[in-house]
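FYI, side chains are in, hydrogens and waters are out, and symmetry mates aren't considered; it's all heavy atoms of this structure. All chains are named by letter (A, B, ...) in the order of the sequence lines, taking the proteins before the strands, and each is independently numbered beginning at 1. Here the structure is a predicted model, which is why all the values come from computation and not from measurement.
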Amino acid sequence: MRTLDTIMTTVRIPEDWPTTEAEARAVQDELRDRVVLDEPGPPPGTGRVTGVDVAYDDERGVVAAAAVVLDAATLAVVARATAVGRVSFPYVPGLLAFREIPTVLAALEALHLDPGLVVCDGYGLAHPRRFGLASHLGVLTGLPTIGVAKNPFTFAYVEPAAPRGSTAPLLAGADEVGRAVRTQAGVKPVFVSVGHRVSLDTACAHTLALAPKHRVPESTRRADALCREALKEAVARPGARSPEYGN
DNA sequence: GCGACAG
DNA sequence: ATCTTGTCGC
């Protein structure tokens, strides 16, 4: 048995990618009703779960994404892919998807296998316009997606009880837009929301199953480590993959 | 108008 | 996200 290969690719930002905040918000308003909310989603502990994450070198305008596929039952790594490109949008709260999606899409496509449930680092429905990164990625790919964030963003939440597995609503006014999930006893919860084609209960169950030893899901931890590696490599050896990172 | 604000 | 040393703990 040899080391698992990592597929590496580069990104080209679409010609019609939004340039201004107004354009980006318009895209969100146009795509938001394509989110599917009436499917339960894949059962936890079966099939595949894929973590995606992105790392940046804003000085050089370089971005790297990683997609790591896990066996949902064992959490063993099944496949990995990375993509490197140029930053496509500045960080603007509420518009994170426009900064992360081109590179994440390239990494997912490079996988050449069904990713199963995609776990994003950020939010889905818990978003000012109910269309965060996870929902956006779901609509673009048709894949079931969820968002697991490390911070409550602008939302209010009730502190979950101390035991692992405790949950409490994440609130936008009176609406439960997500859930605070305690993945480790006595440790700050993570904030789970529905992306696309998955129920909130299923999203929370997957999150708990993916975090048996750490606060953050194993999928996200693996993707985080891999995209950082890819970014280092890309900055150290520009053009090693293809000229100008594809752009 | 001012501050807060996923990554 | 990223900048950053040492340090306590499994």
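The phosphate of C:dA1 has OP1 or OP2 within less than 4.0 Å of a side-chain N or O from A:R228. When the side-chain nitrogen and oxygen atoms of A:K150 are compared with OP1 and OP2 of B:dA6, none of them lie within a distance under 4.0 Å. Here A:K213 does not reach the OP1 or OP2 of C:dC10: none of its side-chain N or O atoms lies under 4.0 Å away. Put simply, A:N151 has a side-chain N or O that comes within less than 4.0 Å of OP1 or OP2 on B:dG7.
Nucleic acid contact class of A:G94 (heavy atoms, under 4.0 Å, all strands): base. At the heavy-atom level, A:A55 lies under 4.0 Å from the strands shown only through sugar-phosphate atoms.
Using a cut-off of 4.0 Å between Lys/Arg side-chain N and Asp/Glu carboxylate O, A:R80 and A:E229 are scored as not salt-bridged. Comment: A:R25 does not engage A:D29 in a salt bridge, judged by the lack of any side-chain N to carboxylate O separation of less than 4.0 angstrom. Using a 4.0 Å cut-off between charged nitrogen and carboxylate oxygen, A:R221 and A:D53 do not count as a salt-bridge pair.
A distance cut-off of 5.5 Å between ring centres, combined with a plane angle under 30°, leaves A:Y56 outside any stacking arrangement with the base of B:dG7.
Regarding A:L170, its CG atom lies at a distance of 11 Å from the C1' atom of B:dA6, rounded to whole Å.
Ranking B:dG7, C:dT2, B:dC5 by closeness to the A:T154 side chain, first place goes to B:dC5.
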